Each structure stands twice: as C-alpha cells, then as structure tokens.
Amino acid sequence: QVQLVESGGGLVQPGGSLRLSCVASGFIFSSYAMSWYRQAPGKERELVASITSTGGNTDYADSVKGRFTISRDNAKRTVYLQMNRLKSEDTAVYYCKARYYSRNYWGQGTQVTVSS
C-alpha cells in the first residue's frame, strides 16, 4: 500500500522556521522524483520545490528561492522541506508528491500557518 505521510507543520511567527518531512512507503522511493506543493485557501495548488530521484538536482518556485530548501534521504525514504524566513503568504496546506513517469502519489498534507 502506497503511503506518503507529511509532518512538521504548525503555527509559526513571521520570520520563523519549520522543517516538513514526508515519509514514503509502498513503492521504490529512490526511483521517484519528489516535490512539495502547497495550497492556500481559495487558491490553486502550486509547486513549491522539487528534487530528482538521486537528489542531484533541485528546483524552486521564485517565491521561495533562497528561503526554502528541499532535500531527501533515500535510506530513510524521506523528503524534507526546510522553510526559513517564513512569511504570512506561506500559509497553506503543504503536500508532498512522488512522481515516476506518469505515476503520481500524493500525501494528505500538513497545515502551515504563519501568523503573529
């Protein structure tokens, strides 16, 4: 059974940091590219960051470049999103996604709220 379980969300003040984790099971994690998406209330889901299967290449949305870092540990079957200098506009539900060619798996999401 395929599972992606996100954790690490919560309430943080502007300028603070959070690290999200996504633990995978049920598929060959090291073969899949991984991504983090987010969806704010009333908005479409958007790509935040992605990382190749080996971790050799990463890509970021312009809105998070220089503040967020995606990484993965294939031995732990986990992908991370380190989020620094958080802003109120980063408030959203964050989802991880696994992709292998046309095969896509999604997690259930974790809420991140940036507010004073």
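Since the structure is predicted, the reported quantities are computational estimates derived from the model, not experimental observations.
Taking the centre of each ring, Tyr37 and Trp106 come in below the 6.0 Å mark.
Between Leu20 and Met83, the closest side-chain pair of non-hydrogen atoms falls below 4.5 Å. Here the side chains of Arg99 and Tyr105 are not in contact, with every heavy-atom distance at 4.5 Å or above. Counting heavy atoms from C-beta outward, Gln39 and Glu46 have side chains that stay 4.5 Å or more apart. Looking at heavy atoms from C-beta onward, Leu11 lies in side-chain contact with Ser115 at the 4.5 angstrom threshold.
Both Tyr100 and Ile70 are assigned to one and the same hydrophobic cluster, defined by single-linkage of ILVMFWY side chains at heavy-atom distances under 4.5 Å. Linking Ile, Leu, Val, Met, Phe, Trp and Tyr whenever their side-chain heavy atoms come within less than 4.5 Å leaves Phe68 and Val93 in two separate clusters. In the hydrophobic cluster analysis, where Ile, Leu, Val, Met, Phe, Trp and Tyr join through side-chain heavy atoms closer than 4.5 angstrom, Leu86 is grouped apart from Tyr80. Follow the hydrophobic side-chain contacts under 4.5 Å out from Tyr101 and you never reach Leu47; the two are in separate clusters.
Between the side chain of Asn74 and the main chain of Arg77, no donor-acceptor pair closer than 3.5 Å is present.
The distance from the OH atom of Tyr60 to the CH2 atom of Trp36 is 12.5 Å, given to the nearest 0.5 Å. The structure places OG1 of Thr110 at 11.0 Å from CG of Leu81, a figure rounded to the nearest 0.5 Å. Rounding to the nearest 0.5 Å gives a distance of 11.5 Å between CE of Met34 and OG of Ser71. Atom OG of Ser53 and atom CZ of Arg72 lie 6.0 Å apart (nearest 0.5 Å). Distance check, rounded to the nearest 0.5 Å: CD of Glu6 to NZ of Lys97 gives 13.0 Å.
Taking the salt bridge (Lys or Arg N to Asp or Glu O under 4.0 Å) definition, one finds that Arg67 meets it with Asp90, sequence neighbours left out. Residues passing the side-chain contact (heavy atoms from CB on, under 4.5 Å) test with Thr52 are Thr54, Asn57, sequence neighbours excluded.
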Without placing hydrogens or testing angles, list every side-chain donor-acceptor pair under 3.5 Å for residues 21-33, not counting sequence neighbours.
none

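Dense packing is recorded around CD of Glu89, with more than 12 heavy atoms of other residues, nucleotides or ligands lying under 6.0 Å away. The 12-atom threshold is not exceeded at CD of Gln108, counting heavy atoms of other residues, nucleotides or ligands nearer than 6.0 Å.
Here the closest non-hydrogen pair linking Val79 and Cys96 is CG1-CB, 4.5 Å.
Remark: Arg45 qualifies as a cation-pi partner of Tyr95 under the 6.0 Å distance and 45° angle criteria applied to the six-membered ring.
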